[in-house]
Amino acid sequence: MITLSDDPRLSLARGALGAVRIVHDPTLPPRVLRLVDADGNEFFAKQHSERDRYIRELHAYLAWGAHLIGHVPRVVGRQDRTCTLLLTAVRGVRADAVAPGSPEEEQAHYEAGRVLGKLHHATSVPRTGAVGTELAQRLRDWIVRADRAGLISTAERDRMSHSADVLANTLMDSAVCHLDYQPRNWLLGDAFGMCDFEHMRRDARIRDFARLEFRRWQAAPHLRTAFFAGYGTPLNDTEQRLLESFGAIEAVTALVRGHEQDDLALSSHGRTVLARLA
């Protein structure tokens, strides 16, 4: 068990910043510390339990943060041995704290579309087949896990396998994608901010809308309209159908993770999305 005296996050922060104090923040996961230095500047220290996620997040900030200057944290310290990052804080409140149905919520989706559009448009590669093949295989692997756990029927397995076939045979734009793009990872302040880059990689550009499509926009289509007004390029009919195919990935990953983590809300979400695919 790591104590505060030998916590690598604190050691990294003190080495880079000098004296710091911890700010209690119950909204953060246990592996993240919110810190303030002697001048009152805020930082976050984050330790990864999986090295590949640490490497991916570090690479994302260093390689792609230049496309999002003013909107994302900066890396000010790192310790590869312990998979620990020290990041500047982007000031603002989490967008999931904004009142549902408020003008502020709609504005948040507009800004989210505008900022994500910067990243996508700067890194987009048009109509490649490789990304679809990779996603199809990933979906099939999740289907096997769900089937072995007894989480899906034969008809549901076949329906999602069909979605995998569609993905494997579809040319689609790729871009650097956040892949967990939803209000809990948005910050609303003087400038719109985004955080949590541990899933970020090159992927199908349309897939970056999947969390919002299946977790937010179904019940509030005006937020979808606001988002794409900011993004600058609305989905055409072909892209909307492709987004529906990504629902199979959303459904099966939620089912498997919900089962493994005993998370009833996540399992229920998977069931809801799966029913929509019928």
Side-chain angles (χ1 to χ4, degrees), residues 27-32 47-57 83 96 129-170 172 174 177-185 196-221 224 235 239-278:
T27 67
L28 295 175
R31 58 201 174 96
V32 180
Q47 184 177 23
H48 285 272
S49 58
E50 299 175 27
R51 179 162 293 274
D52 61 339
R53 288 199 175 185
Y54 166 74
I55 293 171
R56 184 182 300 144
E57 184 158 36
C83 300
D96 59 356
V131 65
T133 301
E134 180 182 343
L135 287 171
Q137 186 56 53
R138 192 176 301 157
L139 174 54
R140 292 183 180 115
D141 292 342
W142 281 104
I143 292 170
V144 169
R145 291 174 64 176
D147 199 28
R148 286 176 177 169
L151 301 175
I152 53 176
S153 67
T154 300
E156 290 167 337
R157 182 193 64 204
D158 292 345
R159 193 154 60 242
M160 289 191 289
S161 295
H162 174 70
S163 293
D165 292 340
V166 169
L167 294 176
N169 292 285
T170 301
M172 58 189 80
S174 74
C177 296
H178 185 280
L179 295 177
D180 192 18
Y181 204 61
Q182 53 183 322
R184 71 182 184 189
N185 290 322
D196 195 358
F197 282 14
E198 65 184 62
H199 301 286
M200 186 177 279
R201 61 178 177 266
R202 181 166 290 278
D203 208 296
R205 179 179 63 86
I206 302 301
R207 189 174 172 227
D208 226 5
F209 312 134
R211 290 282 168 92
L212 291 167
E213 176 69 18
F214 297 105
R215 298 189 185 196
R216 294 278 172 167
W217 292 343
Q218 296 300 306
R224 183 194 295 113
L235 296 183
E239 291 169 336
Q240 183 62 45
R241 286 193 295 271
L242 179 60
L243 182 56
E244 294 292 325
S245 294
F246 290 133
I249 298 177
E250 177 77 8
V252 72
T253 54
L255 287 174
V256 172
R257 286 174 174 152
H259 171 71
E260 293 176 347
Q261 300 167 11
D262 197 24
D263 186 330
L264 294 179
L266 191 57
S267 295
S268 178
H269 171 66
R271 284 279 155 216
T272 298
V273 177
L274 191 57
R276 176 179 167 178
L277 301 177

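For the numbers below, each heavy atom of this structure counts, side chains included, while hydrogens, waters and symmetry mates do not. We're numbering straight along the sequence, starting at 1.
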Inset, instruction - Identify the residue among Glu156, Arg159, Met160 that makes a side chain to side chain contact (heavy atoms under 4.5 Å, CB included) with Ile143. - result: Met160
Inset, instruction - State the CG-OG distance between Leu135 and Ser163, to the nearest 0.5 angstrom. - result: 12.0 Å
Inset, instruction - With sequence neighbours left out, write down each residue that passes ring-ring contact (aromatic ring centres under 6.0 Å, His included) with Phe246, or none if nothing qualifies. - result: none
Inset, instruction - Using a 4.5 Å cut-off on heavy atoms from C-beta on, say whether the side chain of Arg211 contacts that of His178. - result: no
Legend entry - Test item: Pro183 and Arg216 side chains (from C-beta on) under 4.5 Å apart, heavy atoms: yes
Legend entry - Side chain to side chain, Leu179 and Met200, heavy atoms closer than 4.5 Å: no
Legend entry - Arg140 bridged to Asp147 by N-O distance under 4.0 Å: no
Legend entry - Test item: Glu198 side-chain N/O and Arg56 main-chain N/O as donor-acceptor pair under 3.5 Å: no
Inset, instruction - From the options Arg202, Arg205, Glu134, select the one residue that forms a side chain to side chain donor-acceptor pair (under 3.5 Å) with Ser174. - result: Arg202
Legend entry - Minimal non-hydrogen separation, Ser245 against Val166, with atom names: OG-CG1, 3.7 Å
Inset, instruction - May I ask you to decide if Ile249's main-chain N or O and Thr253's side chain share a donor-acceptor pair within less than 3.5 Å? - result: yes
Legend entry - Step-by-step side-chain contact (heavy atoms from CB on, under 4.5 Å) determination, Leu212 to Arg224: CA-CA 8 Å; Leu212 291 167; Arg224 183 194 295 113; over 6 Å; no
Inset, instruction - Answer yes when Glu250 and Arg276 have at least one side-chain N-carboxylate O distance shorter than 4.0 Å, and no when they do not. - result: no
Legend entry - Student check: side-chain heavy atoms of Leu235 and Leu242 closer than 4.5 Å: no
Legend entry - Listed partners of Asp208 passing salt bridge (charged side-chain N to carboxylate O under 4.0 Å, His left out), at least two apart: none
Legend entry - Residue pair Cys177 / Ala204: nearest heavy atoms and the distance that separates them: SG-O, 3.4 Å
Legend entry - His269 side, atom NE2; Asp263 side, atom CG - distance, nearest 0.5 Å: 11.0 Å
Legend entry - The single option from Asp203, Ile206, Leu167 passing side chain to side chain contact (heavy atoms under 4.5 Å, CB included) against Met172: Leu167
Legend entry - Closest heavy-atom pair and its distance - Val252, Ala146: CG2-CB, 3.7 Å
Legend entry - salt_bridge(Glu57, Arg53) N-O dist < 4.0 Å: no
Inset, instruction - With the side chain counted from C-beta on, respond yes when Trp217 and Phe209 share a heavy-atom pair under 4.5 Å apart, and no when they do not. - result: yes
Inset, instruction - Calculate, to the nearest 0.5 Å, the distance between atoms CG and CG belonging to Asp96 and Asn185 respectively. - result: 8.5 Å
Legend entry - NE2-OG distance between His259 and Ser267, expressed to the nearest 0.5 angstrom: 8.5 Å
Legend entry - Validation row: Arg145, Asp141 side chains within 4.5 angstrom (heavy atoms): no
